[in-house]
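Accompanying notes for the structure given below.
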Amino acid sequence: MKQIVINGGKTLSGTINISGAKNSAVAIIPAAVLCDEQTTIYNVPNISDRDALIDILHLLNCETSLNADLLKIDSSKLENKKIPLELSKKMRASYYFMGALLSRFKHVEMYFPGGCNIGKRPIDIHIKGFEALGAKVKIKGDFFTIDAEELKGTNITLDFASVGATINIMLAAVKAQGKTVIRNAAREAEIVNIATFLNNMGAKISGAGTSVIRIEGVDYLHRAMIEVIPDRIEAGTYIILGAMIGDNLKIDNIITEHIDALLSKLKEMNVKFIADDTSVTISKCDNIKATNLKTAVYPGFVTDLGQPMSVLLTQANGVSMFEETIWENRMGHVKYLNKMGANIKNGNTNSITIGPTPLSGCEVEATDLRGGAAMVLAGLIADGTTTITSIEHILRGYDSIITKLKNVGADIKIEEIKEN
Ligand code: EPZ
């Protein structure tokens with residue numbers, strides 16, 4: 001068992017290069033099995049979710065080669081196998097194999113996916129999409145069997161603009177007969193990245209990035225390549241950090257447009273930064289204004305930055321109100337921020353923060369991926385030493401977080417927890 005140890009209060013300067021987006025890569029890797037030949041994926045982040053997905057590819061008889069951030073996948077000898085419980089549960093994104101294998105084999109056997117405990121996380125919208133395309137879904141406890149004699153294009157209006165359901169239905173529909181139209185589709189940048197990958201293979205998808213996606217089914221998907229877009233959540237996490245302890249901290253290799261909502265909010269809070277199309281340079285702000293913040297689907301303020309942002313709110317002057325609208329359970333980290341000295345009152349999906357409050361290092365836990373990132377930010381701005389346990393959550397989604405932070409001046413390390 002490992003923990004992160006941080007000696008806080010150091011000023012950070014230099015450059016942090018942002019890796020490929022977790023939430024894009026974790027869909028692009030399963031999407032590769034739709035290809036009847038080989039695919040090449042650039043800018044794949046080094047995160048544990050990547051490795052768990054590659055384990056599933058190997059189970060399905062794909063050959064892979066990974067060299068730094070370059071992943072090659074040969075799915076020409078793909079075999080359909082039941083994805084066992086331990087692989088299905090390792091992460092949320094295992095469910096993209098439902099859409100992809102349904103498309104290739106018309107038969108899928110796997111378990112309900114895992115992932116962060118941030119809400120109930122049902123997959124009913126995915127299932128309704130598969131059924132609309134002609135599949136039959138049997139659920140026994142946590143085990144899913146999905147079968148189709150054939151998949152036929154149809155019109156599907158999603159109950160909610162779900163990121164996962166939009167991608168999964170897109171995967172299932174690319175080889176369906178005829179035309180599928182997904183209405184009320186999610187518009188996240190990651191969806192455009194995945195659609196581009198599929199189109200590079202010969203799929204006929206238009207409208208990705210808007211709320212109406214049109215897919216004309218094709219029979220064969222050929223060799224293709226794709227570059228994973230920069231991770232807007234990783235970028236946002238470090239930008240928020242820069243507003244608290246940066247000294248010309250440059251967050252580089254980003255698509256700035258993807259984080260417009262964050263940058264608008266920071267401006268409103270009096271935080272100063274210099275932004276161009278691919279980077280943001282930011283320094284500590286001494287007079288941060290309190291704000292009201294509500295998460296929303298893209299292009300609104302992204303839920304995945306709510307927890308990192310809650311650390312900034314502890315340093316803002318006055319009362320900040322925060323409302324989480326996507327997940328029911330994203331406040332687990334608040335008790336640890338309060339333990340460090342914050343003044344936050346919270347319900348399940350909202351909080352009131354009175355600031356500014358100095359934070360002091362202590363023992364805390366990473367309750368989930370972004371809650372864990374919030375603990376890292378809190379530890380870096382706090383006086384004294386913070387130790388964070390359950391760090392596997394953080395390593396699922398932040399590429400080389402220790403090295404990247406050390407390189408800009410943080411005193412942070414991972415160490416083995418000593419057993420008594
Ligand atoms: C993706 O989750 C991301 N995960 C999440 O990031 C992110 O928070 C979320 O999109 C929203 O942006 C991955 O890409 C792997 P949704 P996803 O389907 O696809 C409800 C992180 O920190 N819903 O858009 O699972 C659901 O319960 C992670 O990186 C249904 O009710 O999110 C939620 O309230 C955490 N039925 C809302 O929709 C369904 O069938 C949004 O979920 C599907 C979803």
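Whatever order the structure lists them in is the order used to number ligands and atoms, beginning at 1. No experiment lies behind these values; they were computed from the predicted model shown.
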Report task. Please round to the nearest 0.5 Å and tell me the distance separating atom CG of L101 and atom CG of L34. Result -> 8.5 Å

Requested in this report: Identify whether the distance between the nearest side-chain nitrogen and carboxylate oxygen of D399 and K22 falls below 4.0 Å.
Outcome: no

Report summary line: So for D124 against ligand 1, with non-hydrogen atoms under 4.0 Å, the contacting part is both

Query raised in the report: Near I326, which atoms of ligand 1 are under 4.0 Å from a heavy atom of that residue?
Result: 33 (C), 34 (O), 37 (C), 41 (C)

Query raised in the report: How does K22 reach ligand 1, by side chain, by backbone, by both or by neither, if only non-hydrogen atoms under 4.0 Å count?
Result: side chain

Query raised in the report: F160 heavy atoms, cut-off 4.0 Å: which ligand 1 atoms fall inside?
Result: 37 (C), 38 (O), 41 (C)

Query - R370 touching ligand 1 at heavy-atom level, < 4.0 angstrom - result: yes

**Report entry** Atom pair OG/CG of S320 and N292 - distance to nearest 0.5 Å
**Finding:** 7.0 Å

Report task. Identify, for atom 18 (O) of ligand 1, the protein heavy atom at the shortest distance, and state residue, atom and that distance. Result -> S162 OG, 2.6 Å

Query raised in the report: When you check the side-chain N and O atoms of Y336 and E365, is any donor under 3.5 Å from an acceptor?
Result: yes

Query raised in the report: For ligand 1, which atoms, with element, lie under 4.0 Å from some heavy atom of I118?
Result: 35 (C)

Query raised in the report: So does N155 have more than 12 non-hydrogen atoms from other groups sitting under 6.0 Å from CG?
Result: yes

**Report entry** Nearest option to atom 24 (O) of ligand 1, as decided by whichever heavy atom of V163, D159, I127 sits closest
**Finding:** V163

Query raised in the report: Among L151, L171, N168, V137, which residue meets the side-chain contact (heavy atoms from CB on, under 4.5 Å) test with L102?
Result: L151

Requested in this report: Please report which non-hydrogen protein atom sits nearest to atom 11 (C) of ligand 1, along with the residue it belongs to and the distance in Å to one decimal place.
Outcome: T303 CG2, 3.9 Å

Query raised in the report: Any luck finding a side-chain donor-acceptor pair between T385 and N7 under 3.5 Å?
Result: yes

Query raised in the report: Just checking, is any N or O donor in the side chain of D368 or H393 under 3.5 Å from an acceptor N or O on the other one?
Result: no

Query - Atoms of ligand 1 close to R330 [distance to a heavy atom under 4.0 angstrom, numbered from 1] - result: 8 (O), 21 (C), 22 (O), 35 (C)

**Report entry** Per-atom contacts, ligand 1 versus G164 - under 4.0 Å to a heavy atom
**Finding:** 18 (O), 19 (O)

**Report entry** Top protein contact for atom 15 (C) of ligand 1, by heavy-atom distance
**Finding:** N23 OD1, 3.5 Å

Report task. Examine the side chains of K335 and T367 and answer whether a donor and an acceptor come within less than 3.5 Å of each other. Result -> no

Query raised in the report: Considering only heavy atoms of Y95, which atoms of ligand 1 have at least one such atom less than 4.0 Å away?
Result: 17 (P), 19 (O), 25 (O)

Query raised in the report: Any side-chain donor paired with an acceptor under 3.5 Å for E324 and T303?
Result: yes

Report task. Answer yes or no for atom 30 (C) of ligand 1: protein heavy atom present at a distance under 4.0 Å? Result -> yes

Report task. Decide, yes or no, whether a salt bridge links K2 with E416 under the criterion of side-chain N to carboxylate O below 4.0 Å. Result -> yes

Report summary line: re atom 2 (O) of ligand 1, the protein heavy-atom contact at minimum distance is R121 NH2, 3.7 Å

Requested in this report: Starting from atom 40 (O) of ligand 1, locate the nearest protein heavy atom and write down its residue, its atom name and how far away it is, to 0.1 Å.
Outcome: I125 N, 2.7 Å

**Report entry** Note: D276-K250 ion pair, threshold 4.0 Å (strictly below)
**Finding:** no

**Report entry** Atoms of ligand 1 close to I123 [distance to a heavy atom under 4.0 angstrom, numbered from 1]
**Finding:** 39 (C), 40 (O)

Report task. Answer with side chain, backbone, both or neither: which part of W327 has a heavy atom less than 4.0 angstrom from an atom of ligand 1? Result -> side chain

Query raised in the report: Does A161, backbone or side chain, put an N or O under 3.5 Å from an N or O of ligand 1?
Result: no

**Report entry** Candidate with minimal heavy-atom separation from atom 43 (C) of ligand 1, of A165, P122, A93
**Finding:** P122

Query raised in the report: If you measure only the distance, is there a donor-acceptor pair under 3.5 Å linking the side chains of T196 and N199?
Result: no

Requested in this report: Would you indicate which of V26, N168, D304, D368 comes nearest to atom 6 (O) of ligand 1 when only heavy atoms are counted?
Outcome: D304

